[in-house]
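This is a predicted model, so every value here is computed, not measured. Letters A, B, ... are given to chains in the order of the sequence lines, protein chains preceding strands, and every chain is numbered from 1.
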Amino acid sequence: MPTDNILDELEWRGLIAHSTDLDALREAFGQGAVRFYVGFDPTAPSLHMGHLVQILTARRLQQAGHTPYALVGGATGMIGDPKEAGERSLNSLDTVKEWVQRVRGQIEPFLDFEGANAATMVNNYDWTASLSTIDFLRDIGKHFPVNRMLARDVVRSRLEAGISYTEFSYVLLQSMDYLNLFRDHGVTLQFGGSDQWGNLTAGVDLIRRTEGARVHAIATPLMTKSDGTKYGKTEGGALWLDPSMLSPYAFHQFWLNVEDEKVEELLKVFTFLSREEIEELAQQTREKPFLRAGQKALADHVTTLVHGEAETEAAKSAAQALFGGGDLAGLPESTLGGALREAGSVRVSAGEVPSVVDLLVSTGLASSKGDARRTVGEGGAYLNNERVTDPDLVPGPDDLVGGVWLVLRRGKKKVAGVEVA
RNA sequence: GGCAGGUUGCCCGAGCGGCCAAUGGGAGCGGACUGUAAAUCCGUCGGCUUAUGCCUUCGAAGGUUCGAAUCCUUCACCUGCCA
């Protein structure tokens with residue numbers, strides 16, 4: 001049963017940055033199940049935080065009774081959506097195919113593939129690969145005035161530095177996807193990130209021109225920090241969803257460290273907590289910010305969504321062990337070892353324990369020996385929660401916590417373990 | 001096409017023959033203060049066996065010089081002005 005106010009729900013959650021006619025869409029939602037699609041290009045082996053917004057939005061819509069088509073861009077991934085930074089380098093067909101599989105695997109757990117409004121996975125490679133150039137230029141290309149394409153922001157920003165015909169044509173492919181899904185599956189809504197807005201409206205226009213039909217598009221906002229910079233960066237790079245590219249512990253830590261100001265906004269976008277629960281947490285954050293109830297709820301919910309409950313528990317107990325402020329020696333080996341393995345650890349043999357500086361480098365806490373020495377000089381290096389002052393200090397047997405572990409920390413937040421075996 | 005100017009470290013931007021690994025600001029990193037928040041203040045900010053030492057860096061390649069980011073030549077790209 002479609003709930004009649006899913007659009008209001010999306011608006012309340014701050015998920016609508018741009019849209020075509022909202023009233024028309026609200027009406028469509030009210031009349032029954034709407035078939036909608038959202039696309040993901042395989043440009044990396046894993047999706048990241050930005051994609052998660054789309055995945056969760058798709059799930060919200062499905063839960064409200066609408067029917068998802070999740071598109072993986074086996075074709076568009078071969079071409080590359082133009083971005084301001086410059087021309088992309090092309091990936092091989094094999095690489096793209098492999099990434100398609102991985103991306104599919106990351107989307108599937110979030111959608112329901114059974115029941116009345118079962119989700120469908122589609123790949124635009126299926127209807128693009130065999131398309132003839134003549135047909136493409138006549139049936140699709142004819143509807144795209146170049147003067148309009150040139151006026152698009154991304155394209156304009158690239159005219160100076162240069163843009164290949166390949167990337168320039170990207171929008172045609174994405175628009176064709178929408179047209180195909182409209183024709184073959186009755187899809188009437190596409191959404192995507194706000195950086196996709198131009199591509200979304202291009203599809204809407206194409207369908208209007210070729211089919212005379214009015215279809216819908218909405219764009220979700222770009223997540224930014226309060227200083228306006230982009231969200232979703234960790235020391236290691238993007239906030240990947242793949243646990244082999246970003247550990248669940250690091251993922252959990254990211255959300256736990258979110259600014260107070262952004263907690264409410266992120267809870268709305270990234271959790272399925274109810275309006276009441278979110279308002280309650282937002283109020284707690286305002287009144288008792290030091291409890292960080294909002295951050296904790298956010299971290300737990302998102303990590304559970306992406307990595308499951310067991311990983312969330314592991315990340316939480318690791319954080320508790322490492323940041324709980326308790327005596328490290330008092331922790332059971334299983335807790336401490338687990339925590340350090342979550343946080344990242346290296347192994348050295350008992351006879352060859354290197355100096356603190358070398359350990360900082362080999363655990364990745366410092367980027368070079370110079371950086372490591374600097375850190376020690378600044379008082380930012382800790383061994384077993386005690387500040388290290390001598391960069392050449394070599395930990396001895398007495399320093400081993402539980403006989404096995406050295407707990408190395410840089411600054412307040414970055415911890416790594418050294419397993420001495 | 002002609003004339004003038006520019007290309008510096010993650011980014012912006014000084015330097016204009018030795019005192020330059022290169023002023024300053026931003027980002028980053030660390031410390032203090034806090035709450036694994038924000039703001040603020042302080043420090044730090046190419047690499048190496050930490051060294052009055054070496055290596056790599058000032059668009060690219062050559063050259064002049066005891067010595068160049070700084071001068072000359074060629075090339076590439078960018079920006080103004082004139083056609």
For Arg374(A), answer base if it contacts any base atom (sugar-phosphate contacts may also be present), sugar-phosphate if it contacts only those atoms, and nothing otherwise; contact means non-hydrogen atoms under 4.0 Å. sugar-phosphate
Inter-nucleotide C1' distance (C58(B), C11(B)), Å rounded: 15 Å
Kindly say if Arg292(A) contacts the phosphate of G35(B), meaning a side-chain N or O under 4.0 Å from OP1 or OP2. no
For Arg387(A), answer base if it contacts any base atom (sugar-phosphate contacts may also be present), sugar-phosphate if it contacts only those atoms, and nothing otherwise; contact means non-hydrogen atoms under 4.0 Å. sugar-phosphate
N/O donor-acceptor pairs under 3.5 Å from side chains in residues 395-411 of chain A, not counting sequence neighbours:
from      : atom 1 : to        : atom 2 : distance (Å)
Asp399(A) : OD2    : Gly396(A) : N      : 2.9
Trp405(A) : NE1    : Glu333(A) : OE2    : 2.7
Arg409(A) : NE     : Gly411(A) : O      : 3.0
Arg409(A) : NH1    : Asn385(A) : OD1    : 2.8
Arg410(A) : NH1    : Leu365(A) : O      : 2.9
Arg410(A) : NH1    : Asp371(A) : OD2    : 3.1
Arg410(A) : NH2    : Asp371(A) : OD1    : 3.4
Arg410(A) : NH2    : Thr375(A) : OG1    : 3.3

Without decimals, in angstroms, what is the distance between Asp371(A) CG and C48(B) C1'? 14 Å
Could you state the atom-to-atom distance from CG of Leu281(A) to C1' of G35(B) in whole Å? 16 Å
Send over the distance from Lys413(A) NZ to A37(B) P, rounded to a whole Å. 4 Å
Between U7(B) and C71(B), how far is it from one P atom to the other, in whole Å? 11 Å
Tell me what Thr375(A) touches on the nucleic acid: a base, only sugar-phosphate, or nothing, going by heavy atoms under 4.0 Å. nothing
What is the separation between atom CH2 on Trp255(A) and atom P on U36(B), rounded to the nearest whole Å? 21 Å
Read 5' to 3' with Watson-Crick or G-U pairs under 3.5 Å, [ ] for crossing pairs and | for partners on another strand, RNA chain B gives ((((((((.[[[..)..(.....]]].(((((.......))))).(((....)))...[[[[[..)....]]]]]))))))).
Should Lys288(A) be listed as having a side-chain N or O under 4.0 Å from OP1 or OP2 of G35(B)? no
Quote, to the nearest angstrom, the P distance that separates C16(B) from C66(B). 23 Å
Using a heavy-atom cut-off of under 4.0 Å over every strand shown, decide if Gly370(A) touches base, sugar-phosphate, or nothing. base
Can you measure Glu264(A) atom CD to A37(B) atom C1' for me and round it to whole angstrom units? 16 Å
Let me know the distance between OH of Tyr382(A) and P of U36(B), rounded to the nearest Å. 13 Å
Return the orientation label for the Phe29(A) and His66(A) ring planes: parallel under 30°, perpendicular over 60°, tilted otherwise. tilted
At less than 3.5 Å, do the side-chain atoms of Gln253(A) and the base atoms of U36(B) form a donor-acceptor pair? yes
What is the distance, to the nearest angstrom, from the CD atom on Glu378(A) to the C1' atom on G28(B)? 12 Å
CZ of Arg410(A) versus P of C29(B): gap in Å, rounded? 8 Å
